[in-house]
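Down below is the structure, laid out as structure tokens.
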Amino acid sequence: MKKIRTRIAPSPTGTPHIGTAYISLLNYYFARINNGKVILRIEDTDSKRSKSKFENKILELLHWLGIQWHEGPDIGGKFGPYRQSERNNLYNKYVEKLIKVGKVFKCYRTSEELEKLRKCKVDKTLKEKDLQLDYKELKFRKKHNWPYVIRLKVPNKGKCVFYDVLRGSITMNWDQIDSQVLIKSDGTPTYHLANVVDDYLMGITNVIRGEEWITSTPKHKLLYDYFGWKQPEFCHLPLLRNPDKSKLSKRKQNNSIEFYRKMGYLPQTIINYLGSLGGVKTTKWYRKNTNMKTKVDIKSISLGGPIFDLDKLSWLNGIYIRSMKNETLIQVMYEWAKDYIHKILPTIKPRIKILTDIIHLSEQVFYGLPKLKKEDFKVIALKKKLQIKVLKHLWLQLEYIEKWDKQNILYKVKQVSNQLQMKMKTIIAPIFIAINGRLISTSVINTIVILGKDITRIRIKQAIKLIGGITLKHENK
RNA sequence: GUCCCUUUCGUCUAGUGGUUAAGACACUGCUCUUUCACGGCAGUAACAUGAGUUCAAUUCUCAUAGGGGACACCA
């Protein structure tokens, strides 16, 4: 039997997400229980959004969770490079092949035209014939070197059947599948091309990925067929959901892995909880299995998208914490607090008279969510409505910051003050309560810097909710 | 809108052609404890609906409804 090879293929376009952890975990375990290998491949074909700082974070946090790989950009391997942006020459070579056999075509359409064309079609599916330009126009655009993309030729009729390990065969009509762009106008590949070529070249036997890929699998199958390659086994995992049942979104900040680390969840909690969302069959499993060596059967995963339940996660974390030896726990506590201690020290040092002052001065960086009540905001002279307004504006301002440092954050807070035409002194009070949990304490800007984006924003959100603001309109955009 | 996936307590999961449908989180009560928490005990609570197959369906089939996803020169 061929040796199992799976891949973890994150895209470095944002801070790593709990969904990434889930998919990575199952790839890791599937390889492990089958004595196979795991490949980590960075899918950075989107050059505009990919950032190396995100790649670093992804590697760091997967390591933190204890997920391991045998080949990857950080450790190398026989099938490298493991960053798609470093493999562009390869893809071109394979596109040449497709051009030779006539399975792709050049498309000179502009994005405005595409938009119009899609509007005209009920199913929004664009095929080769929909994209055709009349002869004159085509000649003109070619002559004047208009930018073009290379698209996949897709059958117009018939059915595409492919096999999913969890669901059996899935059938789709070819007329529903559009002529996917394989090479963008800048000459770089799209995900679909790079992914198939790399999975083939890297000898991936099992593609374990999220359910959102099911509908593009026919395109991938077509590529395998055109190249004459054997398909890997496809396994589409159900998507993790928010309590409102929507897909666990990258936009919702509190789903970043780092958020859970900062809040004080242990890596084994996250790993075991994620594992429990489907793959694990025993009932008394939580207490008995602190690692997932046993009883994982990927084929038994439940197909309803599970809701990521914070209550249960916290309960599990408690189980692990209480089962630790004191020395170990002290170590864990120190590791967790160390960063905060180092960062808060310069701020509190001028205020310390006796050592016992320390706790009171620095507690705001240690509680994940301050335990606030509605009444806590009533001490502020500012009207309720305006408090909410201030916090909502701050929420928005803090969403996009290039670098999370004092200067930028201060600038954003000043923006809020300008926007609302209110003095700093006025707007800062509700921010103090929301973030620091009280009015008299160290600089709130400083706290925000130390806490980082995830924790800061969840505190603001909590405050808005407490004061009585209903929703954050821009929360999920 | 079109297509695809999906459906067991509020949530995560077991399970079965004939079961008192199981466990865990959450919730409630009791207990332990100086309080709280932890622990222990107990309780509330589910097979989406309709039709078919069958002696029998939560389990098999089909339809309907709910939920989710995809429909980009993003992954």
Can you find a donor-acceptor pair, distance only, under 3.5 Å between [X] side chain and [N] base?
X      : N     : answer
A:K312 : B:A26 : no
A:R322 : B:C38 : no
A:T215 : B:C4  : no

Pairwise [atom1] distance for [N] and [M], with rounding to whole Å:
N     : M     : atom1 : result
B:U6  : B:U13 : P     : 15 Å
B:G10 : B:C47 : P     : 8 Å
B:C32 : B:A24 : C1'   : 23 Å
B:C55 : B:G15 : P     : 28 Å
B:A14 : B:A22 : P     : 16 Å
B:C9  : B:A45 : C1'   : 5 Å
B:G67 : B:U28 : P     : 30 Å
B:C3  : B:G52 : C1'   : 27 Å

task = Can you tell me the pairing partner of B:U61 across any strand shown, Watson-Crick or G-U wobble, with both distances under 3.5 angstrom?
result = B:A51
Could you tell me if the side chain of [Y] sits less than 4.5 Å from the side chain of [X], heavy atoms only?
X      : Y      : answer
A:M172 : A:I214 : yes
A:V165 : A:K299 : yes
A:Q231 : A:Y163 : no
A:I39  : A:N27  : no
A:I170 : A:H236 : no
A:F308 : A:L274 : yes
A:Q180 : A:V154 : no

Between P of B:A75 and NE2 of A:H17, the distance in whole Å = 18 Å
task = Would you kindly give the NZ-to-C1' distance between A:K184 and B:A75, to the nearest whole Å?
result = 9 Å
key: A:F162 six-ring face occupied by A:K221 cation (under 6.0 Å, within 45°)   = no
Can you tell which of [options] lies closest to the side chain of [X]?
X      : options             : value
A:D311 : B:C4, B:C74, B:C25  : B:C25
A:D178 : B:G67, B:A72, B:C73 : B:A72
A:W315 : B:C71, B:U13, B:A26 : B:A26
A:S246 : B:A75, B:G69, B:C74 : B:G69

Protein and nucleotides 5-10 of chain B: nitrogen or oxygen contacts under 3.5 angstrom:
{"from": "B:C5", "atom 1": "O2'", "to": "A:R167", "atom 2": "NH1", "distance (Å)": "2.8"}
{"from": "B:C5", "atom 1": "O2'", "to": "A:E211", "atom 2": "OE2", "distance (Å)": "2.7"}

ask   = Which part of the nucleic acid, if any, lies within reach of A:V181 when heavy atoms closer than 4.0 Å are counted: base, sugar-phosphate only, or nothing?
value = sugar-phosphate
Compare side-chain N and O positions of [X] against OP1 and OP2 of [N] and report whether any pair is under 4.0 Å apart.
X      : N     : value
A:K159 : B:C4  : no
A:T45  : B:A75 : yes
A:K219 : B:A70 : no

Aromatic ring pairing A:F227/A:W229, orientation class (parallel under 30°, perpendicular over 60°, tilted between) = parallel
key: Parallel, tilted or perpendicular: rings of A:H192 and A:W213 (30°, 60°)   = perpendicular
message = For a ring pair (Phe, Tyr, Trp, His ring centres under 6.0 Å) check, start with the C-alpha distance between A:W69 and A:Y82, then their side-chain angles and the critical distance, and finish with the verdict.
response = CA-CA 12 Å; A:W69 48 92; A:Y82 293 93; over 10 Å; no
Would you list the protein and nucleotides 57-59 of chain B atom pairs, both N or O, that sit under 3.5 Å from each other?
none

